[in-house]
Each structure stands twice: as C-alpha cells, then as structure tokens.
Amino acid sequence: MDILSLFVIIPILTVIGIMITKDAKQTRVISAIGMGLQLILAAYLVYAYLSARQAGDLAEMLFRADYVWYANLNIHYAVGVDGISVAMIALTSIVVFAGIFASWQVEFLPKEFFISLILLSGGVFGFFISLDLFTMFLFYEVAVIPMYLLIGIWGSGPKEYAAMKLTLMLMGGSALLLVGLLGIYTNSAPDGGPLTFNILEIAKVNIPIEAQRMFFPMTFVGFGILGALFPFHTWSPDGHASAPTAVSMLHAGVLMKLGGYGAFRVAIFLLPEAAHELSWIFIILTSISVVYGAFGAIVQKDLKYINAYSSVSHCGLVLFAVLMMNKTAMDGAILQMISHGLMTALFFALIGMIYGRTHTRMINEMGGLMKVMPFLGVAYVIAGLASLGLPGLSGFVAEMTIFFGAFQHVDVFHRVVTIVAVSSIVITAVYILRVVGALLFGPIKNDHFLHLEDAKWFEKLSTVTLILAIAAIGIAPFWLSTMIGDSLQPIIDKLTVIIP
Amino acid sequence: MNLDSFLLMRHEMVLTIITLMVLIADLSFNEEKKIKVIWLATALFAINTIIGFLPNISGNLFGNMYKNTDLQWTMKNILNLGVLVVLLQSVEWLKSADNKYKISEFYLLVFSTLIGMQFMISSGSFLMLYLGLELATIPMAALAAYDRYRHHSAEAGIKLILSAAMSSAVLLLGITLIYGTTGSTYFDVVALKYANIPLQTLAFIFFFSGMAFKISLVPFHLWTADVYEGAPVNVTSYLSVISKGASAFILIIVLFTVFNSISMIWKPLLYIISVLTMTIGNLFAIRQQNMKRFLAFSSIAQAGFILLGIIGASSIGMTSVVYFVFVYIFSNLGAFGVVSVIYYKTQKENMDDYNGLYHTNPKLSLIMMLALFSLAGIPPVAGYFGKFFLFTAAASSGYYWLVFIAVLNATISLYYYLLVVKAMFINKSETPIAYFKTDVPAKIALSICVLGIFFIGFFSIIYQYLESISFGI
Amino acid sequence: MLGNQIIFIVFSAMIVIFSILTVTSRRILRAAVFLLFVLIATSALYFMLNYQFLAAVQLTLYAGGIVVLIIFSVLLTSHIDEKFESPALLKKVYGAIAAIFGSILVITTLLNHPFVASTDVPKDVNMDLIGKSLISWGEQGYALPFELISILLLAAMIAAIVVAKKIKTK
Amino acid sequence: MTNFSYTVLIPLIPLFVFLFVGLLGHKMKPIVSGLIGTCGLLIAAILSYFTAYQYFFNTEKIDGTYQKILAFNTIWLQFTEKLHVDLGVLIDPISVMMLIVVTTVSLMVHIYSIGYMKGEKGFARFYAFLSLFSFSMLGLVLATNIFQMYIFWELVGVSSFLLIGYYYEKPSAVSASKKAFIVTRFADLGFLIGILILSFNTGTFDFISLTNVNGAAILTGAGASFLGLSVMTWSLIFVFMGGAGKSAMFPLHIWLPDAMEGPTPVSALIHAATMVVAGVYLVARLFPVYAISAPDGLLVVAYVGSFSSLFAAVIACTQYDIKRVLAFSTMSQIGYMMVGLGVSKYGGEAGLGYMASMFHLFTHAMFKALLFLGAGAIIHAVHSNSMKDMGGLRKYLPITHITFLIACLTIAGVPFLSAFFSKDEILTAAFHHNMPIFIVQMFVAGLTAFYMFRLYFRIFWNKDTHYHHTPHEAPITMTFPLIFLAIASIFSGYIPFSQFVSSDGVPFHSELEWTVAIPSILVGLIGIGIAFVLYKKESASSQKIAISLKSFYVAIYNKFYFDEIYIFVTKKIIFNYISRPVAWFDRHIVDGFMNSIAWVTNAVSFRIKGFQSGQVQQYAFVFVSSAILLGIFFIYLYSI
Amino acid sequence: MNTGIPIEYFLVTATLMFFAGVYGFVTRKNLITMLMSVELMLNAVNINFLVFNRYLFPGQLEGHFFSLFVIAVAAAEAAVAIALIINIYRNFQSIDVEKTDEMKF
C-alpha cells in the first residue's frame, strides 16, 4: 500500500466507521479522528516529501504508485505527488479538519452529513493525488456530487435551487472537461502507439496543434467553471450562500481549487502551445473576474454573498496567474490557491458561527459584534486582513508573487491586465473593511445580540487551525514557495521550449 | 446434433426445456399449489442462468442460421442475469390476488420472449432475426396487458402490439428489399453484397427503423412511454432493460457484420438519431411525475448513449455498448425494483409520493439514489464507467461534438434524476410513505443490483473480458 | 404471355383497389370482406408465380383463418351495420402524405434499381422439397425457424389466453 | 567594522510584546500590559541609541562616507532569479536617525498612555497595537529593500487602521479608520505599481544596489519613455504616490484629519511623528535614484509638497478641533519636508535640501509629538476637542501650558529653537534652487505661526470658560513625556545634522544663511502678532474677518469640500455607478442567462409535449414519415 | 421471365398495397381495421419476397420460406392482437383507437 492511496482509503474507512456509529456524538468523534489522522498523514507527507527532495530525489513526481486498471484503454490508477499536490493536499486536510469542527453541532441527520462531507473530501484528495486523467476526472465528479445533498439537505435559504444550479453548472463544466480530456487522450499518441491517460506520459508527447486548439478551451473552461471563471461563476454566490458552513468552507476552500489545479496541471501542462496562443482570451476573462468579483462584492449585504464574490475575484486571480505561464506567476497561483483556500474557509467558518448565533447574515442587521464575541470578531478581522493582502498573512505573499510574475511579461497587453488585476487590492480593501465595519464595529443594533456567547472550544479549534496555517504561510512562505517552484520546473521547461 | 451442438445452443435449449417444465407443472398443479410455480420457475431459471455461464463453445449451426460466439454467449448471460433479477422482483406482485390464476403464464411468456431474444442475438439470418424479434414482441404485448382490468395496462398492451406489428411490417419491407438486392437472408452472404446503392440504403433504413423501434430511438420511440407507464412495473423493467438490451446487442452485431460496408450511411444516421434520442428523451423526462413514465423517458435517453458506442464502429465501441448495457441492467433494475416495491406496497408511483422517503425508508431511498446516480453516470458507481467508455469510444473515432452533446445531455439527465433524489431526501411531506418491510426476493434482487452498481466499475476484468471478445469493423 | 399479362393486370388492379377500399370503407364488415378479396387476389398472384403451396397456405391460413378471426372479433365488438364516421380530415391528410410520399420513395427507388432477372433454372417447388427443407438443418434448411415458430405459436396462444380468458370468480 | 546584527532585535522586541500582550493581554491586569509594552520599547530605544552611537562615532567612514551596512539579511521569498524579497536590517544615517525618532517618540507615547488611557476598556489591546505599530515602523525604517519597505508599509497602515478604530463602538472612529486604510491603500496601489515597474527595469529591490550611484540601476535604469517621461520617472512617480498617501500629501490627505478619531497618543505617535513621515523617508531612501534618474519625479515631489503645505496651512487657520488643526499642521510640515527633498540635488552642498528635510523630520517629530501629547493633556482635562470649549487654561495646566508654548514657538520658527534651524535650511535650499516654491514656503511659514498661535491663545488665554469640573494637571506619566519632548524640541536643533546625514553620505558643513533666516523670522513674528491681536483676548474681530471672507472662508472651513468630493466618488461613482450595476449585471444578465438556459429547456419540454399525444396512429405516422424522411435524406440529399 | 410480366409491376403493386396499409393504419379509428391494415402490409411484403425469389433468385427458396413464416407470424400476431382488442373492448366498451389515450405527454 502506497502512502498516497491512504488519502483516499482513510476517508472511505471513516465513512464506514460513521455508518456503524449509533449517535451523533460518536459520529462526530469518528469523523474528527478520521480527519485528524488525515491531517497527520498530510503533515507526514509534507515531511516525507521535503526530506526526499533533500535527499536528492529529482523525480518529477514522488511516491508514485501505478496499478493497471483498464489495460486495453490504458487506464491506470496512477498516483504521485509533486510539491504542488503536496501543498494542495495539506491545504485540503487542514480545511477538512477545520470543517469537521465547524460543523460539530449539525443536528439534522448528522451521520449522513458527515458521510457526505467526508466522501467529498475523499474525492478532493483523490483528485490531487491522481496522475491519470481518468481517475482524476472520476475523483473530480465524486467531489462534486455530494455537494448537492449537502446543500440541498442541510443548506439554508433557496437551497434546492442553489444546489441544483451548482450541481448542474459544475456538471456542465465537466461536460466540456470530459470532451477535453478525451480529446487529449485520443491525441496522446500522434506517432502511433498506445493512447494514454497518464499526465506524465502525455506531457512527453507533442499533441498536434489543431487538437490543442480545440481541446484547450474546453479543458480550461471546464476547469474554469469550477474555478469561478467569469461568466460561468454564478453558481458560486448562490451555492455558497445556501450551503451549510462546512460545505461552504470545503467548496470555496478546496473544491474551487480543483479548478485552478486542473487548469494548470491539465490544460496548461498538456496543451501548452494552444494555451500560449489562446491565453489572451482567458486572461481578459480572468482579469474581468478579478475586478468584477471585487466590485460585485462591494454592494452585497449577505455575508456569504460577499465572500462568494470575493472568491470569484480571488479565484480569478488564480486562473489569471496560471495563464501567465511563467514560473513566478504560477508559483503565485498555487500560493494563492492555498492562501485563498485557507482564508475563505476561515471566513465561511466564521460566518457560519456568527449565523448560528445571530440567525442572520445580513450585515445591515448586525453591528458591534466585536464587543459580544471578541474571539470571533478578531478572527474575522484576521480573515479580512488576510483577504485584503496584509503582509504576514498568506494572501499577501500569493498576490505579490502573482503580480510580480505577471509583470515579467514585457508586452503592453500583459502589463495592462496586470495593473488591472493589481487594482483589485484596493477594491478588496473597500469591501472587506465595509463588512468588518458594519459587522463587528459600531454600536450593537439588536439587543438580543448582547446575550450571545463567544466561540465554543470546537469552534475555536477550527478557527485557530486555519489562522495558524494562514499566518504560517504569511510569515514563512519561502519553503512553500520553493517547494512549489521546484515542482513547477518541468512545466517551465516545457513552456520554454514552446515559447521563445 | 451432438453434445457439442447442444452446448452450443444451450441457452435456448435449456430455456425451452424449463419453459415446458413450467407449462407441465402448471397443468399438473392444482389451484392451491399453483403458487409454487413461482419458486419452481425462479429456481429453474436460476439454474438456467448458472448453466449459461458454463464455458462456451463457439460455432455455427443450421447452415449459419444460428451463430454462437463468446460475444453472443456473453450477451445472453447478461440478459439471463437481468431476467433473474426481474423474476425475483416480480415475486411479490405475482403473489397478489389479481394474479392468482395466471402465475405460470407470466413465466411462460417471459421465458418465451427471452428465448426469442436469445435466438435473435444468435441469429445468422434475417429470418431468424425476424422470428426472434417477433417472439420477443408478441407475448410481450400480453405481458404489458397483464393487469388486464387496469385501463392503463390494457391500453399499453394494444399500443404495443399495434405499434410493434406496424414496425415489424416496415422492418420486413426492409428485409424483402435486402433479400431482393442480395438474394439472400443469410448475414454472411448479405454482408458480401451490400453497397451504398439507393435501394439497399432504403432497405437498410427500413430495417433500421424496425430495430430502432425496439430500442426506442427517437423518432421511433413514441410507444415507449405509454407502454412503460401502462404495463405492470416488473414488465416495464423487463421491457426497458432486457428487451432493449437484446435489441441493442443484435443491432450492433448486424451493423458491424452485415452492414459494415455502408457504415458511411449509418454513422451519420446514428449521429442524428443519437442526438435526437438523447435530447428528446431528456426533454420529456424533465417534466414527468409518474415514476414509470419518468424512467421510460430516461431509458429512451439512455438508448441514445448506446448509439455513441456503436457509432465509433470500433471494438472499443462494441465493448462499451455491451458493458454499458450490462451496467444499465443493474442500474435500471435497481430503480425499477424500488419503484415496484413501493408500488405494490402502497400503490403509489408518483414522484410527489416519494417526498420524505428517506426518513421512513432510508435503504430503499439509498438504493434508488445509487441507481439513479448510476444512470446519470456519476462516479464511483458503475454507470460512470459505462458512460465514460461510450464517450471514449465515440471520441476515439473523432466524434467530439457528439460526445459533447451527449455529456450535456447527461447533465440534463442528472437534473431530473436529482429531482427524484430531491424528493426523497430533501422535500418534506406531511404524509410520507410509511415504513414497510421489503420482501425477501425483492431484497435479494435489489442487493444484486447494488452489488452490480458498486462493483462492476471497479473490477476491470469484466471490461477486459468484453474487450477480448468484441470486434469492430 | 398476353393472357398472363391480362390476368396479372386484373389481379393487381383488384389488389390495389380492394386494398384502398379496405382502408377506406366505412362499414367494418365490408372492409373485412374487401380484405378477403385482396388476400384471394394475392394468392392468385402466387399461383401465377408458380408457388402453389404458398398460394394454398395464403388461402387457408390468411383468407380462411385470419379473416374469419377478424370477422368474429368484429362481430364480438361492433354492430354489423355500424357505419363509421369518416376519420378526421387532418388524419386523412397525414395518412395520405405518409402513404403517397412513402410509395413514391419506394417505387422510384425500386424502379431505378437495375434488377437483373436470373437465368437460373428455377427450382421446382414441390411439396417434397418444401417438407424436406422444413426439417433439414443444413444450408437452406429451415428446421430451426420451424421450431422457433412453434414456440412462437405456443407463446402467442398462451398470450392470447392470458389476456382473454375470464377468471372464475368464486 | 562594528557588528550590528543585534539591531534585528530592535523591531523584534516590539513584535514579541505585541504577540505576548495581544494573546494574553486580556488575562493580565491592564497596568501590567502597559508596563510590558513600555519596557519593551525602552529596550528598543536603548538599543537604538546605542546603535546611533556606534554608527556615527565608532564606525569607520570609508572615503569620508557613511557606509550603508547590511546588518542582517535573509531571503524571504524568491520571485524570479533576480527578484527576491529579503528581510533584513539596513543601517545607514537616515535609518539610524529614524530609529532614534521612532523609538523616542514611541517610548514617550508609551509612557504617556499609561496615564492617558487609564481605565479604558481594552487597555491591553491598545498596548498590543502600539507595539505592533512600533514593530512595523521599525521594520519599515530598517528595510533593506523596497519590497520589505512595502511589507512594513502595509503593516504600518493596518496598525494605523486598528489604532484609529480603537474606539470601535464609535461609528465616526470606524469610518475614519476605514477611510484612512482605503485611501492609503489606494496610494499603496501606486506604490506597488511603482515597485513593479522599478523592479522590472532595474532587476532588483535592494536599496543598496538601487541607490548605488555607479550601479546598474541608476546607470541603465532610465528605460524607454512613455508619454514623455522615462519609465524610471513613471515608476518613481508611482512610488511617490504611495509616499504621498502615507504622508497625507494633497490630494491623498483626506484621511489624516479624520484619523484624529483615534486616541490622542496614537495621533501623536502615528499621525504626527512617525508614520506620516514614512513618505518622506521613502523618497529620501530612493533619493539618489530620484535625483539622478528622474529629476522630473523629484520636481513632482517638490510641487506636491509645496502645494500641500500651503493648502493645509490655509485650512488649519479655520479649524476649531484642536487635533485637526494639528493634523493640518502636520500635513503642512510634511509638505515642507517634501519640498526640502524636492529642491535638493544629489551630492555635497547641493544636497542641502535633503539634509534639511531629514533634519526637519527629526525636529518635527519632537515638537509635533509634544504638541499632540499636550493637546492630549488638554483634552484629558477638558473632555472636548473643540477650542470653542476652551480658554484660559494656563491657570489650570501649568506644565502643559509651558511645554505647549515651547512647541508653538518651535513650529513658528522662533530663532534658536530646533525648527528654526531645520526650516531655515529647507527655505535656503528652496531659495537656491526654486524661487517660486521659496516664496510659497515663506508664506506658509507665516501662516504656520499664525494658526499655531491662534490655537495657543484660544486654548490658554482668551475668555475664561466655565468648566463643569475644574480641569487639573495631568499625572506624572503624562507630564514627563511633555517635559522630555519640550527639552528635545528646544535643543535638537543644535545637532550638527549635516555632519551625520547627507544625500551622498559625505558629511558637509552648513551654516545658517541669514538672508533667508531674517525674513523667515519676521514672517513668523508677523504671524504670531496677528494671532496675538485676534485671539489673545476674546474679540469679535476674528469673526468679522471670517465673515468678510465669506464663501472663501466657508470653503476653507470645509476643507475645500474634499471630503465631499471623495464621498461623491466613493459612494456615488464606485458604489452606485459601478458596483451596483456590476451586481445587477451579475444577478440578472450573467446569472439570468444561466437561469434562462434552464428555463428554456423547461419551456421547450412543455411545448413539445403534444408530440407524445397518446394516439397510436400519430405514433405510427411519425414512425413511417421519419423512416421515409431518413430514406429521402440519405438516398437523395446526403452525399458522402 | 416466363410470365412475361416485368418484375417492377409486381413490386409496384406490392408497394401500393403496403402503403395503403400504412394509410389505413394511420387513419382508421377502429382497432380491428388497424389490424387489417397491418395484415395488408404484411401481405405486400410477402408478395415482394415471392416475386424476388421467383424472378431474381429462382435457384433457392429463401423468399418462399420467409413468406411462409411471415404468414405464420401474422396469424400469431393477429390472434394476440385480437385478444388484446377484446380486452380493450371489455375495459373501454369501445375499440376506438382515439379513446385509448389515457396515457400521454
């Protein structure tokens, strides 16, 4: 048994464990244990990865395991990780761990809730470890579907509508994606020989440019929809607004990263020429995303909508950076994914906790919460500051890396869109401060808020986990950045051959 | 005739024998004992299924009129498995007071239609194909009208027999023209003499229309929904799964072996039909309230996906079609199984009636959800693999846009499958279906389906085996 | 040869005319009778083609069996002198369109096809040959279809009984 | 060479204090957290003084030049091969000078706050934030590279935000903090863009290589021109935009008056003495680049500084809120510093302006902190910010009165107090290099004297207001800093600044130029005189003047309506004309499109239901006609 | 051919008969007449088989036997169909095809 498969097996075992539990308490404990193990495993993976690199292991992917699955289609169950996947896995395990604690108090069908949640996380883990497009896509869909139930059953507001919309739009995206992947597959052996789904194998061949031109947009948009690419992002506000806390966390925190990761690992890596040719279209779209999401967030009144639009903006930045196709920007893209994952998860966790107390998410109905719940207030401010890119927290590192990377292009077009993207930092500040001001500061508007309690232990645990991670990246980004940067090298090598 | 020949066509022979045994049993049992026919027939059929799985001998009999290869052997076994599940699901229904006097008839009719299908699959000439087809159709009408005092059932019966009669007339017209232009009804001979000349194309199109009727491809599908809705649930599941699967099997064999020389005609034809089928099926399914009708339209849409595998005309395509049907049998029978269990317990078959089902009958809801997800092609259940391979087959022949349309349609289909899931899991109901115990045979049947849905995808051996016996043009 | 042609023209005209009458007559029993005429004329064509056995089968089974069955069922379900109302115009138009375009398509395609009449020595279709063919299982043997049709007939019988039989109510 | 690596502790100590007090503060007695904070700063201050001593007196100059010493450096983040962000400590004359300023003022504020903030809720929080600010400011000052500076720049901004919004239950404080942050953030956008361009062109963030006169950055950095200015100039103008935002230069000044919503010690520390001069410091840091590669950029600095100083001085004459008067005065004085830089040239005597600017920065820190702390003491006693509620306070607050007077005299440029020297040197530099600016600055000097003494007389003389409870002198923790800073204000002018700070690091000798000094003294005295006449006693004449100026006065009083313009831009344009339409567009067009796909599907599904009519004959018709159509199509129409 | 009649004549007759059946199937309201239309169609097909067999491929009897089986199937089909029609009659008291449309859309 290879170490990577454990990331899929542990969730499955946890689900089985939950199935045999008797009451909500046991369910929670089992989930926490399972995901705690997962977190430890992820930490170990990071350690193992770094020490393997230290020891001079230069392979593109480490801890590889490869089992033939469907021999005649050359489908394998192939796993392996590089620094990027390791980082994403670490992110996921942190967010899931925090998510479990953030949903500690789910009362309605707790068993089913945790099962779905953990299944979802299993899908995400599987996605990140996959080296085979087939299994990658499989895990991708596994991750999307439990979302429907999670939002539909445990959500709030127009949950059925939101759940359906989210599911269908993401599935629509995966329609494009599937065609793209099949296109890559069928063109993976232009010189004859067996077709393959294996990313590393495909990366070695040059897919004919005509095919690339056709399948790059499909693949990119397919992943882009999950990454909230304008104008396919509208599932995100509704979906996030209706989803229960942990689901919003996981979805915005991790699932949307599947989009960015996929766009990078599949669309750019495997179809570099077309990516280079067509990137301008998507650069325009993503830079619109960045600014548009931020502007959209300014006028929202619902906390979750604000955050959803902010995610559109931040995830837009991820795709934007990926499309810049140089090492720095891509490095930034990955950092931004992790950073956004953590901070948006923190945001949603906090929003959930606040909502659980105030029973409203409308900022104009709240105010002065800092006084009643200082812990949550401070955490919210930290999340906000991370979101607007305060140095010392993760957002800053990521955004700066992206901006400096994007600015390395000498032509006017790239420069202008970079500056457009950069300007989002001001707009972000506007909406973040607006929320923080309206929500936490000022006088308390509603008397019954005076009796609200501050965070409970599990909420604190959830919050602190995320804050620590955010701060850790913000303060010491170099190891992460180096880890990612080294792993980007194969892509960069490939790109430098193509792009003069 | 020798032992080898017997083994060669044992599916049909054994089935004929047990049909006769059931008939004899029916005649010799007195009225009180007749209920035992259920167990006898089910047991016999189970044995038949097992016998079917014994190692195969390939070969031709009756001057190439009957062909048996590993592929056909597999197809028949798949059908047997499906029928076994259907039989298990039907037990409760047959025990009901209405059916007291016609228990064995049900088995006789099911078995004889199955014989027809198996001969059809094994046919080596259009004559056998036609006879098999009719044998699979005519008694089916009686099955559809089995609850003859229900208006819907009676209507289903007449709609099926009349539509089928007309479609087989058109099919026959096609066959005559084939015969007229080639001088033979034997597949091997026809295949040699077929070309893209107008009359032969016309002949092919008439023939195809008749086959499309059986698989319910748009625009030859219109009977499907009415008949599926009217027929008793178990008959519907039999129709929608076994009958459709068998027709799809023979269609792909005929297209690949007999009409391979005019693939430039039937590929675009299938392209059009496939797009139409998926789209129309889905559009109609969206607004259905009756579960049977709903599944009928969904199964029409599924038929459109099957064409994706055929259209590639490769051995991957054939593999994926057989594989898909195999998976589809479990998925659809799972769904129909739940519908039938609920129907016979509560007489409810509307989607609204399913509101809040999860809270009273969680297991049934879960099975239903799994089955629907499998139909929708959601991983990790088997339906995903089925669809994926179909798409791969079409894509490897370059039909990317078709795949795209298909995947979009899969998304639409997901929408309406999710409506059912929503009803069961999310919607609240004042009067949900109360908790009840499912009877044992149905439980076994559902368990088989769940196992199938869960594990077929994971064990690539099945696909590998199918690949080894498949062929392309 | 001329005689042949005249006979052919008479019978084929009968076929076509009575076919049309069968599907347009507004009295059901008349329609059944017209159908009978069509079937008889058809069997006459079979005679012309030298397929006596089949002509006989056509007369006995089709004309004698099926038509009688139909007439019986007509008697069971309708009044003999019942006159239908004429079908809706729209339906007629649809039917006509389907029929006309269909026949045009098929006929033009048929006429454009260069049928090459065979110069083979025609096989003598005698009862002996037919009987042997039906039980032989080699090339051009029909034992298997013969068995299959027997199952079919059995199944059809059961099917008909299941649907039609009255249940004894105690 | 002396080892300076211990200097890394100077910023780190406040950081630890921040973490310690921030995390555990609510568990301690308030006073404990205050003491911890103060002690932390005390250590930092001692280290700073030690560093200054070491640097200026115990380190060898090479070629008579003060060296830039990289006391500590570590790579923090690698962007590209060339571009990497380092964190470290750069020791050079101006950073050492700033160390002194920051730690001194900060220490005084820490001590002062023990008295001032006594009894406030969130005392520990206050100290935590103060420490955070000190950390950030020190980090900024010691930055080895422009990106590190940007990092701490942002941190300073956020500390300022937190401290302005200290009274978070007060809506005005919240909106002031928000405004401060957003406006400076906007300016920082310029800074960031400037860094982007600068770093791309020069391939480095590092100050040492950037400002190396013979280095690649300066020699080859000019780059292509864009809209008539070289890329280097553009980048430096953008960088200056950041500086202008932080230093409240026109038109990015609007946050500063509102920032007075924060506790007064904070205003003293951040919005008078230290943070707001960061812009000046930034320009000074990059001075060689400005002076050599982008003289046009430097000109922009000069004009912006000059205009701001005039603009602010005019407004200051009309304000009643004492802290706002001081805020505008700060803005005006920073304008002076900018002018000093702007009119300077690189190297030797020509670099007088540079030296003067730094000198003024130093003295200004002392007397402005003193002014604010004094104002704090007054507010503490009167519980009001408005000078309308004050008058005759000299009797009640003797120590405050004296120290405040000293500060006023200093800022007015009365001879032999510190600002006299520093201001005169700026004026001299302007006199030599840019006559129009010199004239403006001269006028501003007069205005400064006027409004400061307006303030002074209104507070301590004028009518004897009736107070609800008798104002009393502040406790020793508050008066001690006043006295200390008063002494500093008097004597800091005697530091031979040109010996320590110069544009090229080479000490030079500067003397008072009486041709400039005498007019400036006179102008100052005139200003004081007018203020004396108008405000020494309660009189109506000031009102009359105000009325006679009428709309002009109103415009000034309303700060030339700049707040309104900003509100118009933010609320109306951004909120109503961009964001709302964007949100609407998103909900109705983009999302509407997605929903309409679903809607159309459903509608089509409903429309075509007649296709499935339940009539077998229709089915048959469809069947046959489809077969026929397919036949026609494939036989006659479709060709391969 | 020995009959002296071109093969096309037969084929045209058969085709007309077939489509007359189609017309009947689509227009007749009575289920039994619809069944009769089907019989017409099957009969037309039979003619085709025999004509092809006799004119083009007289050397074997495939068409002949095919039509023989078609007749048998037609009989079986008719039997079942009539049973069903009678069943409909029992249920609906009518054998009007337009009335058997309880299930639609």
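We name chains A, B, ... by the order of the sequence lines, and we start the count at 1 in each one.
- With a 4.5 Å cut-off on non-hydrogen atoms, D:Val174 touches chain A through its side chain but not through its backbone.
- Note that the CZ atom of A:Phe396 and the CD1 atom of D:Ile151 stand 4.5 Å from one another [nearest 0.5 Å].
- For a residue to count as touching a neighbouring chain, one of its non-hydrogen atoms must lie under 4.5 Å from one of that chain's; by this rule A:Tyr305 touches chain D with the side chain only.
- Considering only heavy atoms from C-beta on, D:Trp76 comes within 4.5 Å of A:Pro477 through its side chain.
- At least one donor-acceptor pair closer than 3.5 Å links the side chain of A:Thr328 to the backbone N or O of D:Phe79.
- Both the backbone and the side chain of D:Ile197 come within less than 4.5 Å of a heavy atom in chain A.
- Here A:Phe407 contributes atom CZ and D:Leu192 contributes atom CG; the two are 9.5 Å apart, rounded to the nearest 0.5 Å.
- Taking chain D as the reference chain and counting heavy-atom pairs below 4.5 Å, the highest number among A:Tyr309, A:Phe478, A:Tyr292 is found for A:Tyr292.
- We find the CZ-OG distance between A:Phe441 and D:Ser177 to be 6.5 Å, quoted to the nearest 0.5 Å.
- For the set A:Val436, A:Thr482, A:Ile475, A:Thr418, the entry with the most heavy-atom pairs within less than 4.5 Å of chain D is A:Ile475.
- Of the residues considered (A:Ser423, A:Gly485, A:Pro374, A:Gly405), A:Ser423 shows the highest number of contacts with chain D, using heavy-atom pairs under 4.5 Å.
- The distance from atom CG of D:Leu83 to atom CE of A:Met400, rounded to the nearest 0.5 Å, is 13.5 Å.
- Ranked by heavy-atom pairs under 4.5 Å with chain D, the first of A:Arg434, A:Gln300, A:Lys327, A:Lys371 is A:Lys371.
- Interface summary for chain D: among A:Gly392, A:Ala476, A:Gly332, A:Pro443, the most heavy-atom pairs under 4.5 angstrom belong to A:Pro443.
- Annotation for A:Leu390 and D:Glu154: closest pair CD1-O, 3.9 Å, computed over non-hydrogen atoms.
- A:Phe232 CZ to D:Met594 CE: the interatomic distance, rounded to the nearest 0.5 Å, is 5.5 Å.
- Counting heavy atoms from C-beta outward, A:Asp238 and D:Arg587 have side chains that approach closer than 4.5 Å.
- Using a 4.5 Å cut-off between heavy atoms, D:Ile195 contacts chain A through both its backbone and its side chain.
- Within the 4.5 angstrom heavy-atom criterion, only side-chain atoms of D:Ser199, from C-beta onward, approach chain A.
- Ring centroids of A:Phe295 and D:Phe585 are separated by 6.0 Å or more, keeping the two rings apart.
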As a quick check of understanding, evaluate ring pair (Phe, Tyr, Trp, His ring centres under 6.0 Å) for D:Phe147 and A:Phe403, giving each step before the final call. CA-CA 13 Å; D:Phe147 203 90; A:Phe403 296 149; over 10 Å; no
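- For a residue to count as touching a neighbouring chain, one of its non-hydrogen atoms must lie under 4.5 Å from one of that chain's; by this rule D:Phe200 touches chain A with the side chain only.
- Taking CE of A:Met169 as the reference point, atom CD1 of D:Ile597 lies at 7.5 Å (rounded to 0.5 Å).
- When heavy atoms are compared at a cutoff of 4.5 Å, D:Phe238 does not approach chain A at all.
- Heavy atoms closer than 4.5 Å to chain D are found in the side chain of A:Ile419, but not in its backbone.
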